[in-house]
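Before any comments, here is the structure.
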Amino acid sequence: MKLINRDSIKNRQISICFFLYDGVEVLDFAGPMEVFSYAGFRIFTVAKKKEPLLSQRVLKIIPDYSIADAPPADIFAVFGGNDDVAANDSDVIKWIQLRDTATQTYFSVCTGAFILGKAGLLDSLTVTTFHRSIESLQRQVPGARVLPNVRYVDNGRVITTAGISAGIDGALHLVARLKGQEAATKVAIHMEYDKYVPEQGLVVSH
């Protein structure tokens, strides 16, 4: 497993793929998108097809790519909402698995963890998800340890966060890990995100 070395990427643009689908939760992806954008990451959106999506029956989204033409990225991010749309789609799961060798880090918010679970990426890990879905994820991925009451869990290659606003904390943590704490603090101040407390999640030692 190859992890991103902070010193080697501090001065280059990190790429991150946001996988979206019909019914995705707005704040699940919009919060981390703000964080990663202000941190200087190159963000692009992908859906199964390159056609408009509807988030929470309110926001229309036109993805940059489909799974047929999406480029590789350093980080692959998935989000909650109507996650069954993606988790139960064999084409999507196979696509995620096929990208694995080019993906250095996985990042999920809320029930986006179920998508990573279906792709076999949470086996034997300590993870978290939306507080009302802890038991369901534990049943789906019995080999994982699913924790309640934690904002995020960092396994090195895989970071999972709790629900909705917790994605902001997980994203700031990832920025701190890759670009340093000062960079993450500057982003939090710029966003006026007063809730940010460095190292408030769980980092699993290997």
Side-chain angles (χ1 to χ4, degrees), residues 1-20 24 28-29 31-46 64-65 67 70-80 83 86-87 92-93 95-129 137 141 144-147 150-162 166-181 183-184 187 198-206:
M1 177 175 66
K2 184 179 180 181
L3 300 180
I4 298 175
N5 182 287
R6 189 173 78 185
D7 293 334
S8 69
I9 54 81
K10 210 168 185 179
N11 296 317
R12 76 166 176 85
Q13 192 173 41
I14 301 164
S15 59
I16 180 165
C17 168
F18 274 46
F19 181 75
L20 306 178
V24 66
D28 273 20
F29 74 86
M33 186 174 281
E34 288 265 338
V35 172
F36 294 131
S37 176
Y38 286 133
F41 289 30
R42 181 174 67 87
I43 304 165
F44 59 87
T45 57
V46 180
D64 297 313
Y65 300 97
I67 63 174
D74 298 313
I75 304 166
F76 181 80
V78 287
F79 311 93
D83 50 275
V92 170
I93 298 304
W95 172 73
I96 294 172
Q97 294 169 332
L98 287 172
R99 294 170 61 90
D100 185 64
T101 55
T103 302
Q104 298 187 57
T105 303
Y106 291 95
F107 178 83
S108 74
V109 177
C110 197
T111 55
F114 284 79
I115 301 170
L116 296 187
K118 276 291 183 73
L121 294 162
L122 303 185
D123 295 340
S124 302
L125 299 183
T126 300
V127 300
T128 194
T129 187
L137 184 60
V141 191
R145 180 186 177 208
V146 186
L147 298 182
V150 61
R151 296 294 280 176
Y152 61 82
V153 179
D154 180 351
N155 287 274
R157 193 183 187 208
V158 178
I159 297 173
T160 55
T161 83
I168 298 173
D169 299 288
L172 286 166
H173 166 73
L174 183 52
V175 170
R177 199 181 82 180
L178 297 178
K179 294 199 164 190
Q181 187 58 61
V187 171
E199 301 179 2
Q200 65 178 329
L202 172 65
V203 177
V204 179
S205 298
H206 295 280

Carefully, step by step, assess Leu178 and Ile14 under the rule side chain to side chain contact (heavy atoms under 4.5 Å, CB included).
-> CA-CA 9 Å; Leu178 297 178; Ile14 301 164; 3.8 Å; yes

Backbone N or O of Ala162 within a donor-acceptor pair of the Thr128 side chain at under 3.5 Å?
-> no

For Pro32 and Gly167 the tightest heavy-atom approach is CG-O, 3.6 Å

Side chain to side chain contact (heavy atoms under 4.5 Å, CB included) evaluation trace for Ile159 with Leu174 = CA-CA 8 Å; Ile159 297 173; Leu174 183 52; 3.7 Å; yes

Nearest heavy atoms of Gly156 and Asp154, plus distance in Å | N-OD1, 2.7 Å

Could you grab the distance from atom CD of Gln13 to atom CG of Asp74, nearest 0.5 Å is fine?
-> 10.0 Å

Heavy atoms, side chains only, cut-off 4.5 Å: are Val153 and Val204 in contact?
-> yes

Does some side-chain heavy atom of Ile16 sit less than 4.5 Å from a side-chain heavy atom of Arg42?
-> no

Sidechain-backbone polar pair: Asn155 side chain, Thr126 backbone, donor-acceptor under 3.5 Å | yes

Does any N or O in the side chain of Thr160 come within less than 3.5 Å of the main-chain N or O of Ser108, such that one atom is a donor and the other an acceptor?
-> no

So, does Gln97 use its side chain to make a donor-acceptor pair with the main chain of Ala119 at under 3.5 Å?
-> yes

Answer yes or no: is there a side-chain heavy-atom contact under 4.5 Å between His173 and Val203?
-> yes

Over all heavy atoms of both residues, which pair between Val158 and Leu122 is shortest? Give the atoms and the distance, please.
-> CG1-CD2, 3.8 Å

What's the spacing between Phe41 CZ and Ile75 CD1 if we round to 0.5 Å?
-> 5.0 Å

Check the angle between the aromatic planes of Trp95 and Phe19 and answer parallel, tilted or perpendicular using the 30° and 60° thresholds.
-> tilted

Within the distance-only criterion (no hydrogens, no angle test), does the side chain of Lys179 pair as donor or acceptor with the backbone N or O of Ala184 below 3.5 angstrom?
-> no

Would a 4.5 Å heavy-atom cut-off, applied to side chains only, mark Ser124 and Arg145 as touching?
-> no

Identified side chain to side chain contact (heavy atoms under 4.5 Å, CB included) partner of Phe76 from the options Thr105, Thr103, Ile115 = Thr103

Decide yes or no for Leu137 and Phe114: does some side-chain heavy atom of the first lie under 4.5 Å from some side-chain heavy atom of the second?
-> yes

Is the shortest heavy-atom distance from the side chain of Leu121 to the side chain of Ile96 under 4.5 Å?
-> yes

Evaluate the side-chain proximity of Arg151 to Thr161: yes if any heavy-atom separation is below 4.5 Å, no if none is.
-> no

With rounding to the nearest 0.5 Å, note down the distance linking CD1 in Ile43 to CD in Glu34.
-> 9.0 Å

For side chain to side chain contact (heavy atoms under 4.5 Å, CB included), just list the numbers for Leu20 and Phe29, CA-CA rounded to whole Å, side-chain angles, deciding distance to a tenth of an Å, and then say yes or no.
-> CA-CA 8 Å; Leu20 306 178; Phe29 74 86; 3.9 Å; yes

Qualifying residue, where the test is ring-ring contact (aromatic ring centres under 6.0 Å, His included) with Phe18 and the options are Phe79, Phe44, Tyr65 | Phe79

Which heavy atom in Phe36 sits nearest to a heavy atom in Ala171, and how many Å separate them?
-> CZ-CB, 3.6 Å

Taking the side chain as C-beta and beyond, is there a heavy-atom pair between Leu147 and Leu202 under 4.5 Å?
-> yes

Salt bridge present between Asp100 and Arg157 (N-O < 4.0 angstrom) = yes

Heavy-atom pair with the smallest gap, counting every atom of Ala176 and Gln181 | CB-OE1, 3.7 Å

Going from CG on Asp169 to CD on Glu199, what distance comes out if it is rounded to the nearest 0.5 angstrom?
-> 13.0 Å

Nearest heavy-atom approach of Cys110 to Asp28 is CB-OD2, 3.1 Å

